[in-house]
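A short worksheet on the structure shown next.
Numbers restart at 1 for each chain; the letters A, B, ... are given by sequence-line order, proteins then strands.
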Amino acid sequence: MAGKVFAWFDERLGLEAFYSTVLDRKIPKVNWWFTLGSASLFLCVIQALTGVFLTMYYVPSPAVAYDSIQYITKGVAFGWLVRGIHHWSATLLVITLFLHMLRTFFYGAYKFPREMTWMTGVLLFLLTLGMGLTGYLLPWNQRSYWATTVATEIFGTVPFLGDFLFKVLRGGTDLSALTLARFFSAHIWILPAGVVLLLGVHMVLIVKLGISNIPGEDE
Amino acid sequence: MNEEQKNKYYDKYLQAKQKGVKFWPDIIYKDLIVSFALFLLVIGLAAFVGVAQEPKADPFDSNYVPRPEWYFLFLFEFLKFIPGQLEWVGTTLIPGIGILILLFLPFLDRNPYRHWKKRKIGLMVMGLIVLGIVGLTVRSVVTTPEVEEVALAGSIAEQVIQGQDLYSIYCVECHQPDGEGGEVVGVEGLEGVILKPINSQDEMWTRTDETLFNVIDYGQQDLGMPPNGLGYGGELPRNEIEKIVTFMRYTWDERAEIPEEAIVGIPALTEGEAPSYEVHISMVVKRYCISCHRPGKENNEYLMGSYQEMLTTGNNADKNIIAGDLQNSYLILTLYRESILDPATGEEMIGPMPPSKDLKAEYVEMFERWILEGMPETADEAAALSSPAVEEVAPESTVTEVTPEP
C-alpha cells in the first residue's frame with residue numbers, strides 16, 4: 001500500500017529523481033566549518049517561524065507597539081520564550097553568517113565556478129543586517145528609538161542622495177508612526193522577500209555546483 | 001581563469017568528490033548536530049539571559065546615549081575617527097567601497113590558487129580587516145557608558161509604587177501627600193493659591209488616563225501648574241508620567257482595584273522600639289518632605305534625600321537635628337508648628353513644617369524618638385537601641401524549652 005502511494009506521488013513529483021540528485025549524491029569530504037551554511041539556514045527558518053508568531057500580537061503603532069511587546073512577554077503563553085528566541089537567534093545568525101563568509105574566503109570557495117554563490121551570499125548578509133536594523137526599531141523603546149534616530153541620520157549624510165534616503169527611511173523629517181510602519185513593512189515583507197529570492201538562488205547553485213572541496217596544496 | 005585552469009579544477013573536484021561522502025546521510029548528519037546544538041543554545045539564551053527590558057521610547061529624552069545593535073558598533077566607532085566635514089567619507093565612501101569589493105571579490109581576485117599558502121596576501125588583508133572590526137567593536141563596548149539603571153515597572157503594583165514615589169517628589173509640594181490640595185504654602189510663585197482636591201470622585205470619573213497624562217506633561221499654565229514633561233521644559237520622561245497616572249488611578253479611583261502588594265504603608269512603631277532612618281524616617285520624609293527638600297527648591301538649602309543630607313545640609317546644619325535634644329532641634333520645633341526666629345533680627349527664619357498642615361502625631365512622635373535615640377541609621381542600629389520588646393518578657397507559666405547554648 002505504502003509502496004503504491006509512493007509510486008503515485010513519485011510518478012507526478014519525481015521523488016526518485018529528487019532523491020538521487022539532491023540527497024544521494026557524492027560530496028567531497030569536508031570539515032565541521034562547512035556546517036555553518038546550514039546552521040545559518042536553520043536560524044533563518046527559526047527567525048521566520050518565531051517572527052510569524054510575533055506578528056500575531058505585535059502592533060506597529062507608536063501608541064501601542066511597546067505595550068504589545070509587554071503583552072507578548074508577560075501575557076501570552078510562552079510569548080517571552082518566542083520573543084527571546086527571535087532576539088537571540090538574530091544575534092547568532094549574524095555570527096554564523098560572518099563565520100560562514102570567512103570560511104568561504106579562507107578556502108577560496110568564492111572562485112570559479114562559484115562566483116554567483118558568493119555574490120548572492122554577500123547580498124544575503126547585507127539583507128540580514130537590514131533585518132537587524134529594521135527589527136531593532138520595532139520594540140519602540142528608548143534603545144531602539146535613539147539608535148534608529150542616529151542610523152537614519154547616518155543615511156542622511158550620503159552625498160547627493162542623503163536627504164532623499166533620510167526622508168524615505170523616516171517617512172518625513174521626523175522619526176514617527178510612519179517610520180515605524182515602514183520599518184515594520186520592510187522587516188516582515190520587503191527584506192524577507194529578497195532573502196527568499198536570493199536564498200533560493202544560493203541553494204540551487206549549491207546543489208548544482210556541489211559544495212567546494214578543501215583545496216590541496218597544489219590548488 | 002582560462003579553459004585549462006578550469007578543466008584542471010574540474011578534475012581535482014571530481015577526484016575529491018569520488019573520495020568523498022554521501023550528502024545524505026553523512027553531511028546532513030553533521031549539519032543536524034550543529035543546528036541542534038545552536039537550537040539548544042538559543043533556547044538557553046532566551047530562557048536564562050532573556051531580552052533586556054527598556055523603557056518606552058521617549059522622543060523628548062535626548063539625554064539618552066544611543067546604542068546600536070552590537071554588530072553595528074564597529075561602524076559607529078569607526079565614524080568617531082572621521083572629522084566632521086569628511087563625515088560622508090566614513091558613512092558612504094569607505095563602507096560603500098568595502099561592500100563593492102566584497103561583492104565583486106571573485107572578479108577582483110585574479111589569483112587562480114585556492115590553498116591558503118598561495119594566497120597569503122589576500123588572507124592577511126582579510127585578517128587585518130577582521131581584527132579591525134573586532135577591535136573597534138571591543139573599543140566601542142568599553143568606551144560606551146553603561147546603560148543607566150532605569151526602574152522599570154512590569155506589574156501594575158510596581159507602577160503604582162514607583163508612581164507614588166514620583167508623585168511624592170514632584171507633586172506633593174502643592175497637591176499634598178494624598179492629593180487633597182488646599183492652600184499652597186512655601187512654593188515660589190504660587191504662595192496662597194487654593195488648589196482643589198485632585199483625589200475626588202469628580203476628578204477621577206471625569207478625567208481619563210490620557211487627560212491626566214497631558215495635564216502632568218503640559219501643565220495647566222493659566223492656572224499656575226507648570227509643565228512637568230521633558231518636552232515642555234519639565235523634569236519627567238514620559239514613562240515616569242505614566243507611572244504617576246497609574247498611581248493616581250489605582251489609589252484614588254474606587255472603580256480601580258489596587259493590587260495588595262502595591263499598598264506600602266509606613267511601618268508603625270511598637271512599644272519601646274527605636275525608629276531607624278532606613279525603615280521609618282526615610283519613609284515619612286519620602287511622603288511628606290522631599291517634594292520641597294530637594295535641590296532647586298526654596299528650603300534654606302536643607303536637603304532630605306539621604307541620611308547624610310538630613311544631618312549635614314542646610315543653612316542651619318548644626319541646629320537642625322541635635323541628638324537627644326528636642327527643645328533645640330529645629331526639625332522637631334518646626335514639626336511642633338513653631339516658627340524659628342533669626343536670633344539677630346528677630347524675623348521668621350523657618351516656618352512651621354510641613355507648611356500647610358500638621359504632620360500626623362504618630363510621625364511627629366517617630367521623629368522625637370529618633371532624635372532621642374541619637375538618630376540610628378540602619379534597622380540593626382535601631383534594634384540595638386530598642387528596649388526589650390514586650391513579648392520577650394515571657395510569663396513564667398509558659399513551658400520553656402531548654403535549648404543548649406551554642
Side-chain angles (χ1 to χ4, degrees), chain A residues 22-29 32 35 38-39 42-43 46 62 66 74 80-81 83-85 87-89 92 94 102 105-108 110-112 115 118-119 122-123 126 129 132-133 136 139-147 149-151 154 157-159 175 210 213 215-219, chain B residues 1 6 9 12-13 16-24 26-27 30-31 34-35 38-39 41-43 45-47 49-51 54-59 61 64 66-72 79 87-88 91-92 99 102-107 109 112-117 119 123 126 130 154:
Chain A
V22 176
L23 296 177
D24 188 39
R25 62 195 162 99
K26 284 279 239 177
I27 290 290
K29 204 167 163 31
W32 285 94
T35 58
S38 68
F42 172 73
L43 291 174
I46 288 198
Y66 184 82
K74 301 250 157 66
W80 61 274
L81 186 63
R83 186 188 173 212
I85 292 175
H87 174 90
W88 282 107
S89 160
L92 288 181
V94 172
L102 288 183
F105 182 81
F106 181 78
Y107 289 125
Y110 56 92
K111 302 192 174 198
F112 173 86
E115 296 94 334
W118 169 267
M119 290 173 78
V122 171
L123 292 176
L126 292 177
L129 293 182
L133 189 77
Y136 205 55
W140 201 253
N141 55 34
Q142 280 286 71
R143 180 182 282 260
S144 60
Y145 183 91
W146 292 104
T149 302
V150 175
I154 286 179
T157 64
V158 174
L175 210 162
N213 56 321
E217 284 210 32
D218 56 337
E219 281 186 70
Chain B
M1 238 184 176
K6 283 182 185 171
Y9 168 75
K12 287 272 179 198
Y13 188 65
K17 229 162 128 167
Q18 272 155 5
K19 279 185 286 181
V21 293
K22 285 281 179 67
F23 181 65
W24 165 264
D26 303 65
I27 297 278
K30 276 184 167 177
D31 286 344
V34 172
S35 291
L38 277 176
F39 184 64
L41 180 61
V42 169
I43 301 267
L45 286 168
V49 183
V51 185
E54 281 276 328
K56 192 174 174 176
D58 185 348
D61 186 3
Y64 193 86
R67 287 173 182 77
E69 190 67 300
W70 65 269
Y71 41 83
F72 292 120
L79 288 179
E87 205 181 17
W88 66 277
T91 59
T92 317
I99 289 171
L102 201 64
L103 189 60
F104 293 105
L105 181 69
F107 309 105
D109 178 6
Y113 290 106
R114 289 157 207 257
H115 194 268
W116 63 270
K117 280 191 179 163
R119 297 166 51 230
L123 286 171
M126 187 57 133
V130 172

Please find the pair of heavy atoms, one from [X] and one from [Y], that lie closest to each other, and give the distance.
X	Y	result
A:F106	B:L123	CD1-CD2, 3.8 Å
B:F23	A:L23	CB-O, 3.4 Å
B:P106	A:E115	CB-CG, 3.3 Å
A:A147	B:P68	CB-CA, 3.9 Å
B:A46	A:G84	CB-C, 3.4 Å
A:N213	B:Y9	OD1-OH, 4.2 Å

Given heavy-atom pairs under 4.5 angstrom as the criterion, report whether the side chain, backbone, both or neither of [X] touches chain B.
X	answer
A:P139	neither
A:Y107	backbone
A:L102	side chain
A:L81	both
A:I46	side chain
A:V158	both
A:L126	side chain

Among [options], who wins on heavy-atom pairs under 4.5 Å with chain A?
options	result
B:I99, B:D26, B:D109, B:V49	B:D109
B:A47, B:G50, B:P59	B:P59
B:F104, B:W116, B:F72, B:F107	B:F72
B:L38, B:D58, B:I43, B:L41	B:D58
B:T91, B:V34, B:L105, B:L79	B:L105

Any chance you could measure [X], atom [atom1], to [Y], atom [atom2], to the nearest 0.5 Å?
X	Y	atom1	atom2	result
A:T149	B:Y64	OG1	OH	11.0 Å
B:R67	A:Y136	CZ	OH	8.5 Å
A:T35	B:I27	OG1	CD1	9.5 Å
A:Y145	B:E54	OH	CD	14.5 Å
A:L129	B:E69	CG	CD	10.5 Å

Judged by atom type as modelled, is there a donor-acceptor pair below 3.5 Å linking the side chain of [X] to the main-chain atoms of [Y]?
X	Y	value
B:K17	A:P28	no
A:W118	B:L102	yes
B:W24	A:V22	no

Query - Test log, rule side-chain contact (heavy atoms from CB on, under 4.5 Å), inputs A:L43 and B:V42 - result: CA-CA 9 Å; A:L43 291 174; B:V42 169; 4.1 Å; yes

Report task. Please determine, among A:S89, A:S144, A:A151, the option with the most heavy-atom pairs under 4.5 Å with chain B. Result ->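 Highest number of heavy-atom pairs under 4.5 Å: A:S89.
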
Query raised in the report: In terms of heavy-atom pairs under 4.5 Å, which option from A:G108, A:G132, A:P62 contacts chain B the most?
Result: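 When all of A:G108, A:G132, A:P62 are compared, A:G108 has the most.
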
Query raised in the report: Any idea how A:F42 and B:F39 line up, ring-wise: parallel (<30°), tilted (30 to 60°), or perpendicular (>60°)?
Result: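 Perpendicular, since the angle between the ring planes exceeds 60°.
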
Query raised in the report: Is there a donor-acceptor contact under 3.5 Å linking the side chains of B:Y113 and A:D218?
Result: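 The answer is no; no qualifying pair exists.
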
Report task. Establish, from distance only, whether the side-chain atoms of A:Q142 and B:D61 form a donor-acceptor pair under 3.5 Å. Result ->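 Yes.
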
Query - Evaluation steps, side-chain contact (heavy atoms from CB on, under 4.5 Å), between B:K56 and A:N141 - result: CA-CA 4 Å; B:K56 192 174 174 176; A:N141 55 34; 5.9 Å; no

Report task. In sequence, state the C-alpha distance, the side-chain angles, and the governing distance for A:K29 and B:K19, and then conclude on side-chain contact (heavy atoms from CB on, under 4.5 Å). Result -> CA-CA 7 Å; A:K29 204 167 163 31; B:K19 279 185 286 181; over 6 Å; no

Query raised in the report: So among B:K117, B:K12, B:R119, which one has a salt bridge (Lys or Arg N to Asp or Glu O under 4.0 Å) with A:E217?
Result: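 With A:E217 as partner, salt bridge (Lys or Arg N to Asp or Glu O under 4.0 Å) holds for just one option, B:K117.
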
Query raised in the report: Does B:K30 make a cation-pi contact with A:W32 (under 6.0 Å, within 45 degrees of the axis)?
Result: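 That pair qualifies as a cation-pi contact.
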
Query raised in the report: What do the steps show when you test B:K22 against A:I27 for side-chain contact (heavy atoms from CB on, under 4.5 Å), and what is the final call?
Result: CA-CA 6 Å; B:K22 285 281 179 67; A:I27 290 290; over 6 Å; no

